[in-house]
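Remarks on the structure that follows.
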Amino acid sequence: MALDVDAIRAQIPALKSGSARFDAPGGTQTPQPVIDAVAEALAHPLANRGRTTEGERNADGIVTDARGALADLLGVDPRGVVFGRSATQLAYDLSRTLARTWQPGDEVVVTRLDHDSNIRPWVQAAEAAGATVRWADFDPATGELLPEHIEAVLSPRTRLVAVTAASNLIGTVPDVAAVARLAHGVGALLHVDAVHYASHAVVDLAALGADTLVCSPYKFLGPHLGVLAARPEFLETLRPDKLLPSSDAVPERFELGTLPYELLAGARAAVDFLAGLEPQARGSRRDRLAASFAALEAHEEALRERIERGLADLGGITVYSRAARRTPTLLFTVAGLSPAEVYGRLAERGVDAPAGSFYALEASRRLGLGDEGAVRVGLAPYTDANDVDRLLTALDTLIP
C-alpha cells in the first residue's frame, strides 16, 4: 500500500510553520500522539517505580510499555533494552565498561564512515586501556564501506569492532551481517550504531549479528533520549559503575538515576505511530512495523530518486551519496557557493536543508570536504513531493 503522507502530515503540528523540512537526519518533527503521550504521563501521578502507590504503578507501567515497544522495533527481548540520555552517552558508558577487560596489545576497530559517537568513545577507551586502535577506511569515490575493508584490519587481538548500520552523512548501508561474521570469527564483539538506520528500516539485532546496538527515538518521530539493545544474557556479563542501592538487575543496572518517564511514554507512542503508517497492516506490533517500514521505504526511495534526477538536471552540483545501498540521505555541494551559503539561502526560501559534517567528521574529511562538510538532504515519513519540488526550485535559483 502507498504511504498516506497527507494523513501523516496532518498529525505533525510543527509542519504548520510552512517550511519544507529536509533536516530529519538531525531529528524529526513530532506527531501529536507522541506529544499527547508525553503530556498524559506528566498529567498523572508519578513516583519512583514500584507497585504500592498510583504514582509508582504509573511509572512502572510506562517503563514496561516502553521496553516492550522498543523491543518490538529492534527485534530484541525487552530485558535487553536500556534507556539513557542519548546514544552518545550510552556508547561512552558501554565503552568504559568493556574497556576494563582490555590491555596493551589488544585492538579495537573503528571506521572512518562513522558518526563520531561511534568512534571517539572507543578510541578514548582504548587509549585509556593501552589498547591499539585500528582504522577501517571506506572508498570515498563510491561511498562504500565493504566487509573487506574491515577484514583488512582485524587480527586475533581484536576485541571489538564498531560500525554504523547506515551513515548519517551520506546514507551508505554497509553489510553489517557480513562484518559481524568477520568480527566474531576472530573472537571480537560487534557494536552497531543504528541511529540513522532505525529511521528507515526494520532493525533486527540477531539478523545484523550485533552484540550491542544503539538508536535514538528522536530520529524516528519520538522524544530526545537514547536506547541501547543487546541480548540480556550478554548484559548479565557486564559490570558497569552504579550506585550501591540501585538495582543490579538487567537492564536496570545500566540505567543511572531516575528514568525520564514522560520521554519513555513518548518513545512508546512513537513506535506505535510508526506501526500505524500502514493502516491495513495486521498482526503483532512487530508485524505491523515491518509492513509500515516496507511502505515507508518505497515512499522514501521514490522521493530520493526524484531528488537525484533533479540535482543531475540542475548541473553544478556534486553528490557524495553514491553507495549501491543507501538511505534517502543526500550530501552535496553547489559550485561557487559554500555549504553555509547554500544552507542560508535555502532557509530564506523556506527550505530547511542544513550544512556541516554532522559529527561524521572523519567521513567528511575523507571525502575531501574537511570540517566544513556539505549540504545534507534527508527524508522522513512526512516528506512529500511538494517538498521535493520546493527544494529543487530553490536550488535552481542559486545556480548561475
- Message: Is any side-chain heavy atom of Val179 closer than 4.5 Å to one of Leu145?
- Response: no
- Message: Taking Leu391 as the starting point, is it possible to reach Ile399 by hopping between hydrophobic residues whose side chains are less than 4.5 Å apart?
- Response: yes
- Query: Between the side chain of Arg181 and the main-chain N/O of Gly209, is any donor-acceptor distance below 3.5 Å?
  - Reply: no
- Asp248 versus Arg239: any side-chain heavy-atom pair under 4.5 Å? yes
- Item | Geometric class of the His224/Tyr218 ring pair [parallel <30°, tilted 30-60°, perpendicular >60°] | parallel
- Message: Within the 4.5 Å heavy-atom criterion, are Val110 and Asn118 side-chain neighbours or not?
- Response: no
- Message: Please determine whether a side-chain nitrogen of the Lys or Arg among Asp72 and Arg285 lies less than 4.0 Å from a carboxylate oxygen of the Asp or Glu.
- Response: yes
- Query: Can any side-chain N or O of Arg376 pair as donor or acceptor with the backbone N or O of Pro354 at less than 3.5 Å?
  - Reply: no
- Evaluate the criterion side-chain hydrogen bond (donor to acceptor under 3.5 Å, both in side chains) for residue pair Arg349 and Thr397; output intermediate values, then yes/no. CA-CA 10 Å; Arg349 292 160 174 80; Thr397 67; 3.0 Å; yes
- side chain to side chain contact (heavy atoms under 4.5 Å, CB included) between Phe83 and Leu225, worked out: CA-CA 7 Å; Phe83 293 112; Leu225 71 157; 3.8 Å; yes
- Item | Residue pair Val192, Tyr197: steps toward the side chain to side chain contact (heavy atoms under 4.5 Å, CB included) verdict | CA-CA 10 Å; Val192 173; Tyr197 183 77; over 6 Å; no
- Message: If we count only N and O atoms by modelled type, under 3.5 Å, do the side chains of Thr393 and Asp396 hold a donor and an acceptor together?
- Response: no
- Task: Report yes if the side chains of Phe254 and Leu90 come closer than 4.5 Å at any heavy-atom pair, otherwise no.
- Result: no
- Message: Are Leu263 and Leu70 connected into the same hydrophobic cluster when the rule is that any two of I, L, V, M, F, W, Y join if their side-chain heavy atoms are below 4.5 Å apart?
- Response: yes
- Message: Side chains of Thr329 and Thr327: any donor to acceptor distance under 3.5 Å?
- Response: yes
- Task: Decide yes or no for Leu274 and Ser292: does some side-chain heavy atom of the first lie under 4.5 Å from some side-chain heavy atom of the second?
- Result: no
- Check ring-ring contact (aromatic ring centres under 6.0 Å, His included) between Phe273 and all other residues, then give those that pass, not counting sequence neighbours. none
- Task: Could you verify whether a donor N or O on one side chain and an acceptor N or O on the other, from His184 and Asp211, lie under 3.5 Å apart?
- Result: yes
- Query: Would you say Asp387's side chain and Asp384's backbone share a donor-acceptor pair under 3.5 angstrom?
  - Reply: yes
- Trace of the side chain to side chain contact (heavy atoms under 4.5 Å, CB included) decision for Leu330 with Val319: CA-CA 7 Å; Leu330 296 170; Val319 177; 4.2 Å; yes
- Item | pair Arg306-Asp389: side-chain heavy atoms closer than 4.5 Å | yes
- Item | Single-linkage hydrophobic cluster, 4.5 Å side-chain cutoff, Leu213 and Val108 together | no
- Task: Using the salt bridge (Lys or Arg N to Asp or Glu O under 4.0 Å) rule, pick out the option among Glu308, Glu300, Glu305 that qualifies with Arg326.
- Result: Glu308
- Item | Within 6.0 Å of CZ in Phe332, more than 12 heavy atoms from elsewhere | yes
- Item | Trace of the salt bridge (Lys or Arg N to Asp or Glu O under 4.0 Å) decision for Glu236 with Arg79 | CA-CA 10 Å; Glu236 290 284 1; Arg79 295 177 299 121; 5.4 Å; no
- Would you call Thr64 and Arg67 a side-chain contact if the rule is heavy atoms closer than 4.5 Å? no
- Query: So do the side chains of Leu367 and Phe138 get within less than 4.5 Å of each other, counting heavy atoms only?
  - Reply: yes
- Query: Taking only residues two or more places apart in sequence or in another chain, which ones pass salt bridge (charged side-chain N to carboxylate O under 4.0 Å, His left out) with Glu301?
  - Reply: Arg304
- Query: Linking I/L/V/M/F/W/Y whenever their side-chain heavy atoms sit closer than 4.5 Å, directly or via other members, would Val377 and Leu337 fall into one cluster?
  - Reply: yes
